[in-house]
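Structure record follows, encoded as C-alpha cells.
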Amino acid sequence: MPRETLTREQIVKAAIELLDAEGLEGLNMRALGKRLGSAATAVYWHVGSKDNLIVLAADRVWSELALPDPSAGDWRTAVTAMATDLYANLTRHPWLVQAFGSYVVYGPGKARHDDHTLALYEAAGFTGAQADRAATAVFTYVLGNALSQAAAVSLTRRLGRDGGDADELLRDSMAKAEEIAMDFPRLRARLETPAADYAALPEDSFESGLRAMLDGLETQLVAGRA
C-alpha cells in the first residue's frame with residue numbers, strides 16, 4: 001500500500017490485530033508493513049516510531065470502553081460495569097497489560113475513561129483525594145486480575161517461540177511445580193482442583209473481590225456522611 005494511501009487509522013487497527021496475535025514482542029514494523037501490503041518506511045512515516053505506535057494502539061483500545069451514565073442508576077452499578085468492561089478488554093488484549101510495565105500509556109481515549117471514572121465517584125459523594133483513591137484502588141484491582149491472564153498468554157507464546165510444543169513444555173514445568181507443592185500442605189490439598197492450573201483464578205473471584213472492594217468503599221462513604 002503506497003504511503004499516500006495508507007492512513008494512521010489503518011496502521012493502528014492492523015497493529016492491534018498483530019499485537020493481539022503476537023504480543024508486544026511480536027510487533028515490528030516489517031511484519032506490520034507486510035500485513036498492510038506496504039513498506040516499513042511508510043509505516044514509520046505515519047506513526048513515527050514503534051513506541052509511539054504502541055501508545056496509539058493502547059489508546060485506541062481504551063476508547064472502545066463504554067461510559068455508563070452516572071445518573072442512570074446507582075454508582076456501584078456504574079462502577080461495576082466499567083470495571084467489568086475494562087477487565088474484559090484487558091484480557092481480550094493481553095499485550096496492553098504488558099505495555100503498562102514498559103510504556104507511558106496515555107491519550108484522549110484513556111483520558112476520557114479516567115475522567116468519567118472520577119465523575120462516577122464524585123457523583124456518589126467521594127470528593128477530591130477520596131475519589132482519586134477509590135478510582136486507583138479499583139483500577140489496580142482490575143489490572144492485577146488481568147495480569148494473570150496476560151501472563152499465561154505471554155508464557156505460552158514464549159515457550160512456542162523457544163521451539164518445541166508449548167503445551168508440553170508448560171505441562172513439564174507444572175509437573176515440577178506440583179512436586180514442590182507436595183511439601184506444602186495447603187498447596188498439596190489443592191493439586192486436584194482447578195486452582196492448581198497455571199495462572200488459574202478461583203471461580204467468580206473477580207466478581208466477588210470487586211463486590212468486597214466496593215463494600216469497603218461504600219462503608220467509607222457512609223461513615224464520611226455520618
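Heavy-atom basis, side chains included; hydrogens, waters and symmetry copies ignored. We count residues from 1, following the sequence as given. In this text, all values refer to a predicted model and were calculated from it rather than measured experimentally.
The side-chain heavy atoms of Leu53 and Leu32, taken from C-beta on, include a pair separated by under 4.5 Å. Residues Met213 and Val138 meet the side-chain proximity criterion, which asks for heavy atoms closer than 4.5 Å. You'll find the side chain of Val61 reaches within 4.5 Å of the side chain of Trp95, heavy atoms only.
Tyr103 meets the ring pair (Phe, Tyr, Trp, His ring centres under 6.0 Å) test with no other residue; sequence neighbours excluded. Under the ring pair (Phe, Tyr, Trp, His ring centres under 6.0 Å) criterion, Tyr87 pairs with Phe206, sequence neighbours left out. Residues passing the ring pair (Phe, Tyr, Trp, His ring centres under 6.0 Å) test with His116: none are found, sequence neighbours excluded. With sequence neighbours excluded, the residues forming a ring pair (Phe, Tyr, Trp, His ring centres under 6.0 Å) with Phe100 are Phe139, listed by chain and number. Residues satisfying the side-chain hydrogen bond (donor to acceptor under 3.5 Å, both in side chains) test with Asn89, not counting sequence neighbours, are Arg92. Applying the side-chain hydrogen bond (donor to acceptor under 3.5 Å, both in side chains) criterion to Arg76, with sequence neighbours excluded, gives Asp215, Glu218. Every side-chain hydrogen bond (donor to acceptor under 3.5 Å, both in side chains) that Thr77 has, sequence neighbours left out, goes to Asp74. Scanning for side chain to side chain contact (heavy atoms under 4.5 Å, CB included) contacts around Asp69 gives Ser71, Ala72, with sequence neighbours left out. In terms of the side-chain hydrogen bond (donor to acceptor under 3.5 Å, both in side chains) criterion, residue partners of Asp114 (sequence neighbours excluded) are, by chain and number, Lys110.
With hydrogens and angles ignored, the 3.5 Å screen pairs a side-chain donor or acceptor of Thr91 with a backbone N or O of Ala88. Between the side chain of Arg211 and the backbone N or O of Thr80, no donor-acceptor pair lies under 3.5 Å. With hydrogens and angles ignored, the 3.5 Å screen pairs a side-chain donor or acceptor of His46 with a backbone N or O of Leu6. Here the side chain of Asp20 pairs no donor or acceptor atom with the backbone of His93 at under 3.5 angstrom.
Residue pairs meeting the ring-ring contact (aromatic ring centres under 6.0 Å, His included) criterion with at least one member in residues 173-193: none, sequence neighbours excluded. Sorted by first then second residue, the side-chain hydrogen bond (donor to acceptor under 3.5 Å, both in side chains) pairs that include residues 130-146, not counting sequence neighbours, are Thr127-Gln130. Pairs passing the salt bridge (Lys or Arg N to Asp or Glu O under 4.0 Å) check and including a residue from residues 33-60, sequence neighbours excluded, read Glu17-Arg35.
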Determine, step by step, whether Glu9 and Val12 satisfy the side-chain contact (heavy atoms from CB on, under 4.5 Å) criterion, reporting the C-alpha distance in whole Å, the side-chain angles of both residues, the deciding distance to 0.1 Å, and the verdict.
CA-CA 5 Å; Glu9 183 176 352; Val12 172; 6.0 Å; no
Could you check Leu36 against Ile11 for side-chain contact (heavy atoms from CB on, under 4.5 Å), going step by step and ending with a plain yes or no?
CA-CA 8 Å; Leu36 289 163; Ile11 294 170; 3.9 Å; yes
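With respect to Arg190, the side-chain contact (heavy atoms from CB on, under 4.5 Å) criterion is satisfied by exactly one of Glu192, Arg186, Arg188: Arg186.
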